[in-house]
Undergrad: 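Below you'll find the structure I mean.
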Amino acid sequence: MMMSSVGLASDHQLSLWMTVLLLVFSVLFGLVAASTATSPKQFNVDDYGANGSDKVDDSEAFLKAWNDLCSTEDSMLIVPVNKTYYLKPISFSGPCKSKLGLQIYGTIKASPHPWDYKKGEKHWLMFKSLTDFVVEGGGKINGNGRKWWKRKRDCKVLKTTALTFYKCSNLRVDGVKIKNAQQMHLRLEKCTNVTAQNLHIHAHSNSTNTDGIHVTDCANVLINRTIIGTGDDCISIVSGSTNVKATNISCGPGHGISIGSLGQNNSAASVSNISVNGAYISNTTNGVRIKTWEGGSGYAKNIVFENIVMRNVSNPIIIDQNYCDPEEELCHGRVKNEPISSAVQVSNIVFKNIKGTSATEVAITLNCSKSHPCMEIHMINIDFRFTHGTAKCSEANVLHLHKNHVIPRIDRVLSRE
């Protein structure tokens, strides 16, 4: 009887071990099978004749590789490491199969030859009408813009944006370095559901119109853990944009983080539900800014700037509803200083937990419209010190200003009950 019990116990233990082993093998083989099944197909630009020698135009090879990629679901375009590929202005257009990506390990560099850019050319690398697209790899995109910066206004028409995404959805741009754009570095236009994160964007502080990230007519955008230093706005968010969030941003040098400009040439503009939460801004001409042109219409509303530290910023907080380019004799067909009857309405704006040092005496500027005053402006826990003395606030024209612990003190406010 005892022997039978021992035998039964041994059989039971053996059965348990066999079950465990079968489960382990099933999981392992399942993982291998899953890994094999989901491994994207790779299209290496070198296999299509790309040279990568920093001297030869590789545009044709990139387009050939793109055409094969576009027609293959779950695939990846590979730009190999330790090589530099020269490209002319080029468009990677969809619609394509889903789950595509671009892995940049090496460097993509803009052609240095002005004759490679057609008159009126606005984009160098254009990605258009794509869904479920990823750009990653840790490599570099070099706009090669130094000679264009020297040309300034007389040849502005020749300058291109380095990287543009147009009418893309479910887009992720992750871990890429973008430098020395001829004009803007990264432009998001008419895109939805975008994540741009872990980016390093850099150009000399004297470069002109080199915004870091420009968002126009987009919805549901997250910009996260990104370092930007250029000659213009670190981030600019303009008309048609809603539900845009920027977090953990390092900005400087440059012109700060801007909403606008809005309403240029008497146009209607709309920006709403914008959040900048967590930023370090240093050595910039502006900190956080809302800028609208005189004579425009529409709205900028539900905007929050919070948890921001600034160091040596010339104009830390600005709302300017009366923007007019000082270099133009006429602004939107009217003589300077002539009263206006329309403006982009600025309302429900929150500045919270913002502190630091101002490089100028005026740390807070509320330059609001007399015809359409700023409405519902909330300032909570604001503390700025002028590097060489006491910071001040410029004249305000605000309807319903809510403030709690604000330094410098704000006194002049238009009140309509």
Side-chain angles (χ1 to χ4, degrees), residues 40-148 155 157-168 171 173 175-189 191:
K41 184 173 181 179
Q42 296 188 356
F43 294 88
N44 191 315
V45 295
D46 285 359
D47 296 336
Y48 291 81
N51 187 281
S53 65
D54 196 22
K55 296 178 180 179
V56 178
D57 174 25
D58 289 315
S59 302
E60 185 177 348
F62 270 67
L63 279 177
K64 287 180 180 178
W66 175 262
N67 289 335
D68 284 350
L69 174 90
C70 185
S71 60
T72 308
E73 188 171 352
D74 193 15
S75 55
M76 194 71 66
L77 187 68
I78 305 298
V79 179
V81 70
N82 296 328
K83 289 188 174 183
T84 298
Y85 299 86
Y86 265 126
L87 297 184
K88 298 176 182 179
I90 187 171
S91 180
F92 301 100
S93 298
C96 297
K97 298 289 187 179
S98 63
K99 298 182 181 179
L100 304 185
L102 171 62
Q103 290 273 1
I104 304 174
Y105 299 113
T107 298
I108 300 174
K109 197 170 184 178
S111 168
H113 307 302
W115 53 84
D116 283 335
Y117 300 84
K118 297 178 182 178
K119 185 176 182 180
E121 190 83 62
K122 295 182 179 180
H123 308 283
W124 171 42
L125 302 179
M126 162 74 89
F127 293 86
K128 182 178 180 181
S129 301
L130 301 173
T131 302
D132 298 324
F133 189 67
V134 177
V135 178
E136 57 187 358
K140 297 177 182 179
I141 296 174
N142 186 343
N144 212 8
R146 291 185 181 276
K147 63 170 61 179
W148 274 266
C155 287
V157 69
L158 294 176
K159 295 181 181 180
T160 62
T161 296
L163 180 60
T164 301
F165 294 94
Y166 180 74
K167 289 187 175 181
C168 295
L171 168 70
V173 185
V176 179
K177 301 175 181 67
I178 311 172
K179 63 181 288 187
N180 295 343
Q182 296 172 19
Q183 201 157 239
M184 295 176 182
H185 284 78
L186 171 59
R187 179 184 178 96
L188 303 171
E189 182 174 0
C191 294

Undergrad: For W148 and P114, work out which heavy atoms get closest and say how close.
TA: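 Minimum heavy-atom separation between W148 and P114: CZ2-CA, 4.2 Å.
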
Undergrad: Should the pair D74-K97 be classified as a salt bridge under the 4.0 Å nitrogen-to-oxygen rule?
TA: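 Answer for the salt bridge query: no.
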
Undergrad: Please examine the side chains of W124 and T161, heavy atoms only from C-beta on, and report whether any two atoms are closer than 4.5 Å.
TA: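 When only atoms from C-beta onward are counted, W124 and T161 do not touch, as no gap falls below 4.5 Å.
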
Undergrad: Once you measure the plane-to-plane angle for F165 and F127, does it fall in the parallel (<30°), tilted (30-60°) or perpendicular (>60°) bin?
TA: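 Rings of F165 and F127: parallel, as their planes differ by under 30°.
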
Undergrad: Write down the atom of A162, the atom of I178, and the distance for their closest heavy-atom approach.
TA: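 That would be CB-CG2, 4.4 Å.
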
Undergrad: Where do D58 and G52 come nearest, in terms of heavy atoms and distance?
TA: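 Taking D58 first and G52 second, the nearest heavy atoms are OD2-N, 3.1 Å.
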
Undergrad: Tell me, do P80 and N44 make a side-chain contact under 4.5 Å, heavy atoms counted?
TA: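 Side-chain contact under 4.5 Å: yes.
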
Undergrad: How close do K147 and P112 get, heavy atom to heavy atom, and via which atoms?
TA: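 Heavy atoms only, the tightest pair is NZ-O, 3.1 Å.
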
Undergrad: Is it the case that atom CD in E60 sees more than 12 heavy atoms from other parts of the structure closer than 6.0 Å?
TA: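 Open.
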
Undergrad: For L100 and M76, what are the C-alpha separation, side-chain angles and deciding distance, and is it a side-chain contact (heavy atoms from CB on, under 4.5 Å)?
TA: CA-CA 6 Å; L100 304 185; M76 194 71 66; over 6 Å; no

Undergrad: Ring pair (Phe, Tyr, Trp, His ring centres under 6.0 Å) between Y48 and W66: does it pass, once the steps are laid out?
TA: CA-CA 10 Å; Y48 291 81; W66 175 262; over 10 Å; no

Undergrad: side-chain contact (heavy atoms from CB on, under 4.5 Å) between Y105 and N82: does it pass, once the steps are laid out?
TA: CA-CA 8 Å; Y105 299 113; N82 296 328; over 6 Å; no

Undergrad: With rounding to the nearest 0.5 angstrom, report the CG to CD distance, L69 to Q42.
TA: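 It is 11.0 Å, given to the nearest 0.5 Å.
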
Undergrad: Enter the distance from T107:OG1 to K177:NZ here, rounded to the nearest 0.5 Å.
TA: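 Between T107 OG1 and K177 NZ, I get 9.5 Å after rounding to 0.5 Å.
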
Undergrad: When rounded to the nearest 0.5 angstrom, what is the spacing between CZ in F62 and NZ in K88?
TA: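 The CZ atom of F62 sits 14.5 Å away from the NZ atom of K88.
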
Undergrad: Report yes if some heavy atom in the side chain of Y166 is under 4.5 Å from a heavy atom in the side chain of H123; otherwise report no.
TA: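 No, too far: nothing below the 4.5 Å cut-off.
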
Undergrad: Indicate, with yes or no, whether the SG-to-SG separation of C70 and C96 is under 2.5 Å.
TA: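 Answer is yes: C96 pairs with C70 in a disulfide.
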
Undergrad: Should F43 and K41 count as side-chain neighbours, where that means a heavy-atom distance under 4.5 Å?
TA: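 Yes, close enough: below the 4.5 Å cut-off.
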
Undergrad: For the residue pair V79 and L102, establish whether any side-chain heavy-atom pair is separated by less than 4.5 Å.
TA: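 Contact flag for V79/L102 side chains = yes.
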
Undergrad: Please determine which of V135, I141, T164 meets the side chain to side chain contact (heavy atoms under 4.5 Å, CB included) test together with L125.
TA: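 That would be I141; it is the only one of V135, I141, T164 passing the side chain to side chain contact (heavy atoms under 4.5 Å, CB included) with L125.
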
Undergrad: As an exercise, state the distance from CD1 of I108 to NZ of K83, rounded to the nearest 0.5 Å.
TA: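 Result: 13.5 Å between the selected atoms.
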
Undergrad: For the residue pair L87 and D57, what are the closest heavy atoms and their distance?
TA: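 For L87 and D57, the tightest heavy-atom pair comes out as CA-OD1, 4.1 Å.
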
Undergrad: For the residue pair Y85 and D46, establish whether any side-chain heavy-atom pair is separated by less than 4.5 Å.
TA: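 The answer is yes; the side chains approach within 4.5 Å.
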
Undergrad: About how many Å separate CZ of F133 and OG of S98, when rounded to the nearest 0.5 Å?
TA: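 The CZ atom of F133 is 12.5 Å from OG of S98, to the nearest 0.5 Å.
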
Undergrad: Which heavy atom of S59 sits nearest a heavy atom of I90, and at what distance?
TA: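 Closest approach of S59 to I90, heavy atoms only: O-CD1, 3.7 Å.
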
Undergrad: Measure the spacing between CD of Q183 and NZ of K159 and express it to the nearest 0.5 Å.
TA: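 If I round to the nearest 0.5 Å, the distance is 6.5 Å.
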
Undergrad: Between T160 and K122, is any pair of side-chain heavy atoms under 4.5 Å apart?
TA: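 Side-chain contact under 4.5 Å: no.
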
